[in-house]
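Single-structure report; data block below.
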2 protein chains.
Amino acid sequence: MNIGEAAAASGISAKMLRYYERIGLIGPAQRTESGYRVYGDDDVHTLRFVRRARGLGFSIEETAGLLALWRDKTRASADVKAMALRHMRELEAKITELEAMHRTLKHLAGHCHGDKRPDCPILDDIAGLRLKADA
Amino acid sequence: MNIGEAAAASGISAKMLRYYERIGLIGPAQRTESGYRVYGDDDVHTLRFVRRARGLGFSIEETAGLLALWRDKTRASADVKAMALRHMRELEAKITELEAMHRTLKHLAGHCHGDKRPDCPILDDIAGLRLKADA
DNA sequence: CATAATTCCTCTAGTAACTACAGGTTCAAG
DNA sequence: CTTGAACCTGTAGTTACTAGAGGAATTATG
């Protein structure tokens, strides 16, 4: 199958397939005489793996590591689990950070009239004039 | 005060101050005869505003908008509130996405021995072999 | 079978928001 | 007066894509 079909089958766009190949995340595809890339079912399988790993938030580098582990039939599951746990910690940290932002914003927005008047606790707070902590 | 002092006073590094100036987020600083940037207390006030807005997750472009609103004493608080609410929705979407990743990973990691054995439900799942949904 | 439309190819450059040099001034202290 | 810290500019690298130019190959239609 050619790149367009592989893209449809894997859920990764043709442009991204070329990109992933260029940066070495996936190996160079077979080529027809005229230079068109050709993919097999096993390639699509790999591509789906990549897509899923990326969908779980693993970076390209981590995805490459996961791919290597996947191919290494003698790997220790501990290595995979360690990667997963590390990534989970990163996700937790990010979530905590975003939640803190959200909480602050919610508090501020709750005190802002949101009408034509110019006075606005949101701007006041960002500018350094802290809102009193109340209900 | 020079750039190093302004950096210390605002919490934005000297490099980032130059960067912010270059991209136009903050106006060009005054200069000494020899070309050193000079900042005043009001500049530091602005810088702190920027830092706080960025800390709440607003993009540079949004921060520029917030800055304009802050300076416009005739703004409507509704405009500020709208920005805050829109950003909150983005944060919520991101948090939801990260939580879904985390949930999946937690489920998978919970089923992985994490020892020397190679069999690993995490890789199996990423590869497309779905784990049965159980407790 | 000719032509038109589509798909493919490569390569460059742009995005966000920084960070890291390199190579050079200027300033403050000893 | 010389060292060393802090300043200056400008370029390039980072992550993970996305968009577009310009051109070749393939597929569909008349």
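These numbers come from the heavy atoms of this one structure, side chains and all, not from hydrogens, waters or symmetry mates. We name chains A, B, ... by the order of the sequence lines, and we start the count at 1 in each one. The shown structure was predicted, so the numbers you read here are calculated from the model rather than taken from an experiment.
Counting heavy atoms from C-beta on, the side chains of A:Val50 and A:Arg54 come closer than 4.5 Å. With a 4.5 Å cut-off on side-chain heavy atoms, B:Lys81 and A:Asp115 do not count as touching. Under the 4.5 Å side-chain criterion, counting only non-hydrogen atoms from C-beta, A:Leu25 is not in contact with A:Tyr19.
Closest heavy-atom contact between A:Val38 and A:Ala29: O-CB, 3.9 Å. A:Ala109 and B:Leu85 make their closest contact through CB-CD2, 4.3 Å (heavy atoms, listed as atom of the first residue, atom of the second, distance). Scanning both residues, A:Ala14 and A:Ala7, for their nearest heavy atoms gives N-CB, 3.6 Å. Closest heavy-atom contact between A:Glu62 and A:Met83: O-CE, 3.5 Å. The nearest pair of heavy atoms linking B:Lys73 to A:Pro118 is O-CB, 3.4 Å.
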Under 3.5 Å between N/O atoms: give me all the protein pairs with nucleotides 2-4 of chain D, atom names plus distance.
none

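One finds a salt bridge joining B:Glu97 and B:Lys94 here, because a Lys/Arg side-chain nitrogen approaches an Asp/Glu carboxylate oxygen to under 4.0 Å. Classification of B:Arg117 and B:Asp119 as a salt-bridged pair fails, no side-chain N sitting under 4.0 Å from a carboxylate O. Between B:Glu90 and B:Arg86 a salt bridge is recorded (basic side-chain N to carboxylate O distance below 4.0 Å).
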- Message: Counting primed atoms plus P, OP1 and OP2 as sugar-phosphate and everything else as base, spell out the protein contacts along nucleotides 13-18 of chain D at 4.0 Å heavy-atom distance: B, S or - for each nucleotide, 5' to 3'.
- Response: ---BBS
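Protein chain B touches strand DNA chain C; the 5'-most and 3'-most nucleotides with an atom under 4.0 angstrom of its non-hydrogen atoms are C:dA17 to C:dC27.
Looking only at distances, no side-chain donor or acceptor of B:Arg52 sits under 3.5 Å from a matching main-chain atom of A:Ala127. Distance alone, capped at 3.5 Å, is enough to place a donor-acceptor pair between the A:Arg75 side chain and the A:Leu69 backbone.
Looking at residues 28-47 of chain B, you'll see B:Ser34, B:Tyr36 sit with a heavy atom under 4.0 Å from some atom of DNA chain C. Looking at residues 2-12 of chain A, you'll see A:Asn2, A:Ile3, A:Gly4 sit with a heavy atom under 4.0 Å from some atom of DNA chain C.
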- CA sep, side-chain torsions, deciding dist, call: B:Thr46, B:Tyr39, side-chain contact (heavy atoms from CB on, under 4.5 Å): CA-CA 11 Å; B:Thr46 299; B:Tyr39 298 84; over 6 Å; no
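Here B:His102 pairs with nothing under the ring pair (Phe, Tyr, Trp, His ring centres under 6.0 Å) rule; sequence neighbours left out.
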